[in-house]
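Just so you know, residue 1 is the first one in the sequence shown, and it goes up from there.
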Amino acid sequence: MEDAETLAATPAHETALACIEAGIDAAHPEQVVHDSVSLDGDTLTIRETTYDLTDYDRVLVVGGGKAGGGVTTALESVLGDRISGGVVVTRDPEETEYVDVVVGSHPVPNEAGVEGARQILELLADADERTLVLGVITGGASALLAAPAEGISLADLQQTTTDLLESGAEIDEINAVRKHLSAVKGGQLAREASPAAVAGLVLSDVVGNDLSVIASGPTAPDDSTFAEALDVLNHYGIDAPQSVRDRLESGVAGDVSETPRADDPVFERVTNYVLADGFTALDAAQSVATARGYETCILSSRIRGEAREAAKSHVAVGEEAAATGNPVETPAVILAGGETTVTVRGDGSGGPNQEFALAAALELDESGTVLGAVDTDGRDGGVDVAGALVDGETVDDVTAAREALATNDAFPYLDERGAIVRTGPTGTNVNDLRVLVVGEASE
């Protein structure tokens, strides 16, 4: 972690950083794949399920997401030349031997992602009953694995995606639209792979681990509808391109087939495995805090809503703990995860975790209280930083801090005060991680 020594001004600061690092490490693809996937002779085991590789002529690896490269290299280390081929679309390049890695863009798709998705569809066109497809399904694939539906241009998809991301819509709402503008999302990748056996290897960045929402559910049944997707655009006032509205309206009219439901036969040979999620990171962070002598409390792995409002609630719990010992005696580490959002009203720079941290810093007044908030993928919003680490002294100009929040410009304010956490790309993505340290413990 970059600048760790500078950020670790006190034992409380150092503890917060240690919890963040442990959480990210625990959710790294290399760790979770080797914990969950093994090969013994011809027997491939994923969690408690076994696959006899003599039943298959080909083993293909397809999919994508922010952690897609790490999952792929880990699979190659387990399976080696048992992998027949594959294509995975990621945000960062990765050295692989058997699977082609295509570098796309996030959070707005680009032409490379479209080409990668096309290659996957071509590879699956010949899949049959003796094909085993290992689906790499990780957060970020909704943008990276771009396959615009017929009649939708990449430019129209880009515009719609950008407008949705800036609207404050929840991830399930955004993905309801994405699924109905795509040729692979919402179970359609499973449809393309059928009748092959499909094992979805999932790293979840979605609150509640809804398989239909993670990466827009390419290997999962989908209950969302064209009508719901159109409602999302209308509710948030999205002025979508005409081609987008035409497709959604055609779907509502029944002129375009819906995404496959749970009773669709394409899912008869599909099994999805959640290998890691936000709680994976929280559990590891909690273990570190306990080992350092802190009482601990995990508020929830499912915090959502506006980042700045969620921050006030998190700080309030810390204040209560310090004042009354509820819900946990101090010194304590109070943890939370989830996926907060930002409604963009200004043209500044930052992301949900930086807004969370800055809003929290405005509330902090307890001596020794430190809060860290990061995106586990190492990139928060449109800035290549993970998040921020703040305390009661971070805000030295309340007016400027409030103005930064009002214009969505948290990054420069926090950066000028040495509060930014930089990890670089972490290779994983399992929601946000927030660590509130109240008081200092003796290990």
Margin query: Between Asp375 and Asn353, is the side chain to side chain donor-acceptor pair (under 3.5 Å) condition met? List the steps.
Written below: CA-CA 7 Å; Asp375 191 325; Asn353 287 285; 4.6 Å; no
Note to self: Can you tell me how far apart CG (Asp156) and OG (Ser243) are? Round to the nearest 0.5 Å.
What the structure shows: 3.5 Å
Check: Val103 versus Leu144: any side-chain heavy-atom pair under 4.5 Å?
Finding: no
Margin query: Using 0.5 Å steps for rounding, measure from the OH atom of Tyr273 to the OG1 atom of Thr49.
Written below: 3.5 Å
Check: CG of Leu124 to CD of Gln119: how many Å apart, nearest 0.5 Å?
Finding: 12.0 Å
Notebook entry, point to check: Is Arg304 reaching over with its side chain to a backbone N or O of Arg302, donor-acceptor style, under 3.5 angstrom?
Noted result: yes
Check: Taking Thr72 for the side chain and Gly68 for the main chain, is one N or O donor matched with an acceptor at less than 3.5 Å?
Finding: yes
Checklist line | Any side-chain donor near an acceptor of the partner, Glu192 and Gln188, under 3.5 Å | finding: no
Checklist line | Any donor-acceptor pair under 3.5 Å from Thr407 side chain to Gly348 backbone | finding: no
Next item on the list: Scan side-chain atoms only and decide if Asn431 and Asp205 contain a donor-acceptor pair under the 3.5 Å cut-off.
Entry: no
Check: Can you tell if the side chain of Tyr98 reaches within under 4.5 Å of the side chain of Asp81, non-hydrogen atoms only?
Finding: yes
Checklist line | Residues Lys185 and Asp222 bridged, charged N to O under 4.0 Å | finding: no
Notebook entry, point to check: With a 4.0 Å cut-off, would you call Arg308 and Glu355 a salt bridge?
Noted result: yes
Checklist line | Steps toward side-chain contact (heavy atoms from CB on, under 4.5 Å) verdict (Gln286, Asp283) | finding: CA-CA 5 Å; Gln286 184 178 42; Asp283 187 53; 4.2 Å; yes
Notebook entry, point to check: Given side chains that start at C-beta, do those of Asn429 and Leu203 come closer than 4.5 Å, heavy atoms only?
Noted result: no
Checklist line | salt_bridge(Arg417, Asp415) N-O dist < 4.0 Å | finding: no
Check: Side chains of Arg245 and Asn234: is there a donor and an acceptor less than 3.5 Å apart?
Finding: yes
Notebook entry, point to check: Is Leu358 close to Val390 at the side-chain level, that is, under 4.5 Å between some pair of heavy atoms?
Noted result: no
Notebook entry, point to check: Roughly how far, to the nearest 0.5 Å, is CD1 of Ile171 from CD1 of Ile174?
Noted result: 5.0 Å
Check: Can you tell me if His180 and Glu258 form a side-chain donor-acceptor pair at under 3.5 Å?
Finding: yes
Next item on the list: Check for a donor-acceptor pair, side chain of His314 on one end and backbone N or O of Ile334 on the other, with a separation under 3.5 Å.
Entry: yes
Notebook entry, point to check: Does the side chain of Asp128 pick up a donor-acceptor pair with the side chain of Thr131 at under 3.5 Å?
Noted result: yes
Next item on the list: Keeping the roles fixed (side chain from Gln159, backbone from Ala240), state whether a donor-acceptor pair exists under 3.5 Å.
Entry: no
Item checked: Considering all heavy atoms, the nearest Gly116-Val87 contact -> O-CG1, 3.8 Å
Next item on the list: Could you give me the CA-CA distance, side-chain angles and deciding distance for Thr340 and Arg434, then say whether side chain to side chain donor-acceptor pair (under 3.5 Å) is met?
Entry: CA-CA 11 Å; Thr340 59; Arg434 290 112 190 189; 3.1 Å; yes
Item checked: Asn110 side chain to Gly113 backbone, donor-acceptor under 3.5 Å -> yes
Note to self: Nearest 0.5 angstrom please: Glu249 CD to Phe226 CZ, how far?
What the structure shows: 12.0 Å
Item checked: Min side-chain heavy-atom separation Ile137-Leu201 under 4.5 Å -> no
Next item on the list: Give a yes or no answer on whether the side chain of Thr138 reaches the backbone of Gly64 with a donor-acceptor pair at less than 3.5 Å.
Entry: yes
Check: Is the count of non-hydrogen atoms from other residues, nucleotides or ligands lying under 6.0 Å from Gln242 atom CD greater than 12?
Finding: yes
Check: Is it the case that Thr280 and Asp277 place a side-chain donor and acceptor less than 3.5 Å from each other?
Finding: yes
Notebook entry, point to check: Just wondering, do Val317 and Leu436 contact through their side chains at under 4.5 Å, heavy atoms?
Noted result: no
Notebook entry, point to check: Taking atom types as modelled and ignoring hydrogens, do the side chains of Tyr413 and Gln354 form a donor-acceptor contact shorter than 3.5 angstrom?
Noted result: no
Check: In terms of side-chain heavy atoms, does Thr73 have a donor or acceptor partner in Glu95 at a distance below 3.5 Å?
Finding: no
Checklist line | Intermediate values then yes/no, side-chain contact (heavy atoms from CB on, under 4.5 Å), Arg269 and Glu129 | finding: CA-CA 9 Å; Arg269 303 186 71 202; Glu129 292 88 348; 3.9 Å; yes
Note to self: Given Arg379, which partner from the list Arg91, His106, Lys66 fulfils the side chain to side chain contact (heavy atoms under 4.5 Å, CB included) test?
What the structure shows: Arg91
Item checked: Close side-chain approach of Val274 and Asn209, heavy atoms under 4.5 Å -> yes
Notebook entry, point to check: OG of Ser167 to CG of Leu233: how many Å apart, nearest 0.5 Å?
Noted result: 9.0 Å
Margin query: Assess, by modelled atom type and distance only, whether the side chains of Asp377 and Thr426 contain a donor and an acceptor separated by less than 3.5 Å.
Written below: no
Next item on the list: Grab the two heavy atoms, one from Thr259 and one from Gly186, that are nearest each other, plus how far apart they are.
Entry: CB-O, 3.4 Å
Next item on the list: Just do the side-chain contact (heavy atoms from CB on, under 4.5 Å) check on Asn408 and Asp347 with the steps written out, would you?
Entry: CA-CA 7 Å; Asn408 305 114; Asp347 58 358; over 6 Å; no
Check: Under 3.5 Å, side chain of Asp432 to main-chain N/O of Gly337, donor-acceptor pair present?
Finding: no
Notebook entry, point to check: What are the two closest non-hydrogen atoms of Ala281 and Val430, and how far apart are they?
Noted result: CB-CG2, 4.2 Å
Check: When you measure from the side chain of Arg130 to the backbone N and O of Asp55, does any donor-acceptor pair fall under 3.5 Å?
Finding: yes
Notebook entry, point to check: Are Ser77 and His34 close enough that a side-chain donor and a side-chain acceptor fall under 3.5 Å?
Noted result: yes
Item checked: Arg82 with Asp42: basic N within carboxylate O range, under 4.0 Å -> yes
Note to self: Within the 3.5 Å criterion, strictly below it, is a donor on Thr90 or Asp92 matched to an acceptor on the partner's side chain?
What the structure shows: no
Notebook entry, point to check: Do Ser216 and Asn175 have a side chain donor and acceptor closer than 3.5 Å?
Noted result: yes
Margin query: Counting only heavy atoms not in Arg58 (residues, nucleotides, ligands), do more than 12 fall under 6.0 Å from its CZ?
Written below: yes
Notebook entry, point to check: Is the side chain of Arg345 donor-acceptor paired with the backbone N or O of Leu405 at a distance under 3.5 Å, no angle test?
Noted result: no
Check: Are more than 12 heavy atoms from other residues, nucleotides or ligands located less than 6.0 Å from atom CD of Glu30?
Finding: no
Next item on the list: Considering non-hydrogen atoms only, spot the tightest contact between Ser349 and Asp409 and give its length.
Entry: N-OD1, 2.9 Å
Checklist line | Note, Pro148 side chain near Leu181 side chain (heavy atom, < 4.5 Å) | finding: no
Check: Are side-chain N/O atoms of Asp25 and Gln31 paired as donor and acceptor at under 3.5 Å?
Finding: no
